[in-house]
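Letters go in sequence order (proteins before strands), and every chain restarts at 1.
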Amino acid sequence: MTHQYPALTAEQKKELSDIALRIVAPGKGILAADESVGDMAKRLNQIGVENTEENRRLYRQILFSADSRVKKCIGGVIFFHETMYQKADDGTPFVQMIKDKGIVVGIKVDKGVVPLAGTDGETTTQGLDGLSERCAQYKKDGADFAKWRCVLKISDNTPSALAIMENANVLARYASICQQNGIVPIVEPEILPDGDHDLKRCQYVTEKVLAAVYKALSDHHVYLEGTLLKPNMVTPGHSCPTKYSPEEIAMATVTALRRTVPPAVPGVTFLSGGQSEEEASINLNAINTCPLMRPWALTFSYGRALQASALSAWRGQEDNATAATEEFIKRAEVNGLAALGKYEGSGDDSGAAGQSLYVANHAY
Amino acid sequence: MTHQFPALTPEQKKALSDIAQRIVASGKGILAADESVGTMGNRLQRINVENTEENRRAFREILFSSDASINQSIGGVILFHETLYQKDSSGKPFPALIKEKGIVVGIKLDKGTAPLAGTNGETTIQGLDGLAERCAQYKKDGADFGKWRAVLKITSTTPSQLAIQENANTLARYASICQQHGLVPIVEPEILPDGDHDLQRCQYVTEKVLAAVYKALNDHHVYLEGTLLKPNMVTAGHSCPKKYTPQDVAVATVTTLLRTVPAAVPGICFLSGGQSEEEASVNLNAMNQSPLPKPWKLTFSYGRALQASALAAWVGKSENKKAAQEAFCKRAQINSLACRGQYIMSGKTDTAAMQSLFTASYTY
């Protein structure tokens, strides 16, 4: 390692960096529409719609037909493989519909979790085999960024050192391969919100995980300016009895990121996990009004938190399509404001009342 | 590691963070006056002054009895053990003399290099034995920060993995122990400028070393907001045939830091290495003028680059005290301007000449 063998040329670096900056341009975030066939089954089941390829196509069409209002709040859309090759009713490929709006197209490239033997139910993520060839093909077919999700969980004896190290390593391999093929890798080390742990525990684990991720990225010679991070926000576990304000979540999250994510990373696009649409927007807004200095864009890469209302407005009925699209546009605009720290909440007690709740950061 | 056992209370964290902020307050840097007896011998020999305890005391008195307004440019002074217990001519202990100007007192804590067997002449640093007790005593005796210098060198086979990992680990142990005793640790992983390597090589190595350092600090639960970094600037080796401008050095250095140093670190105080007084100021200035983002303070921790002129003006004669002080104050003020990117070089055509040498196509 004393010798340097540049992984990328200056031109390759510039292309990657430009793509990343376009995705997280001020006020913009990502629509995660990359639910697998299995994930879509759950979503469609909840609104009484059959999980057919046609229904999945119709549903994505609702999202992708959003008008030019989404241009200022959506910088990228993540696709599932099947969706990359689907078309709208009029024959326009979905990829083109998105690109025509000036939005960057992304593709989920991991192949799901597999168990780590000898651990307490922990996993790593597969998908490295033939990844280079797949990336090259996706790039030809219109994708400029990719996403790979690793999963960790908090319990008395997890995440273990092995789980952290193995997932960080596989994320770094994926990132390196993507960049070789002109694709910006979104690095997603999700720490699940399941459990009764408190906010401090989540912050501690998140700091350890992210430190390992960035050490692995450095070891694998990944060009940070051409990557994005998709982490969990720092929150208490779902069954934690203590309640925390958006400001506390914001301070814990931004503190954890300031301690681990190098400023060279252009943007952090949070996953929404199990949060409701409004919760995810309020928390993102608090993050962007937090008094700590934030050297990266802090925005969204939301799936459920952008689509829940649209799905329930649609319910599989063609007549509801326009109304459903409106619901999506509404959430997109709200999150665009949250990414700028300008969202004042849906009229509840959030917003102004929240400012005074920021606690000094040495408590974190 | 899944469990958290907080290393510091919120009060301890606040105290450390406050000290660090005071040292690198706007426009301020550090006077590294911690030359060991042997090193002072080198300095004094050059001006034909005998290396006695009294001469060492007399020279340090000249520096520390400068007008109180020196506190606009100097936020901290690093002392050698002997100096911490010396007094000025009126019998006032040096720590008191420094503190009454509102300057923070620091103490060199390492005990020099020790060889790493099986490597190409590489070293680690000793000094961990009894370090906790020493820190507690120094804190009582007036110190609020510590300094520990690790050394790495660039050749075709170095720095090796072992040298990087071992030095990063020792730095992290030292930092952890300091914080337990209310001392802010200055972390110094110096990569020597010896050699004929180019700027890019130094950048590559510095990125790898700093990534390892921050991973080690994270592993050892060090509170980053209560630390400072003292790195080398990214420069070509002394015998490199190619010449680089201050802007080249600035961009290479800041890019490296953006990729490796978390925003939580309050300040980065460069060592001057073998640079002349002017070179060290010009390079620091170029960094602070650079359009690249800088989420931490970029300032100085200079030894020779602050004292060379003062030593030459003194030449061991007490009647030269005022001249020596003026020389020192002048360099301090210049470096203070450089911290703000406001240093305009002494009258020559330098500015224009340097501007045109900026290699826009140089990729980092």
Select one option (side chain, backbone, both, neither) describing which atoms of A/K200 are under 4.5 Å from chain B's heavy atoms.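 Contact with chain B: backbone and side chain both.
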I would like to know whether B/N167 and B/T170 meet side chain to side chain donor-acceptor pair (under 3.5 Å); could you show each step before the answer? CA-CA 5 Å; B/N167 280 284; B/T170 348; 4.9 Å; no
Donor-acceptor side-chain pairing of B/N169 and B/H220 below 3.5 angstrom: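 There is such a pair between these side chains.
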Give a yes-or-no answer on whether the side chains of B/T158 and B/N120 include a donor-acceptor pair shorter than 3.5 Å.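 Short answer, no.
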I'd like to verify something: which residue of [options] has the highest number of heavy-atom pairs under 4.5 Å with chain B?
| options | result |
| --- | --- |
| A/P295, A/P263, A/P6 | A/P263 |
| A/K14, A/E207, A/E225 | A/E225 |
| A/M293, A/R294, A/H197 | A/M293 |

Restricting to side-chain contact (heavy atoms from CB on, under 4.5 Å), what partner residues turn up for A/E15, sequence neighbours left out?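 With sequence neighbours excluded, A/E15 shows a side-chain contact (heavy atoms from CB on, under 4.5 Å) to A/I19, A/K139, given in chain and number order.
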Is it the backbone or the side chain of B/P295 that comes under 4.5 Å from a heavy atom of chain A, or both, or neither?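 Both backbone and side chain.
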Only counting residues at least two apart or in another chain, list the ones meeting side chain to side chain donor-acceptor pair (under 3.5 Å) with B/K215.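 B/K215 satisfies side chain to side chain donor-acceptor pair (under 3.5 Å) with B/D219 once adjacent residues are dropped.
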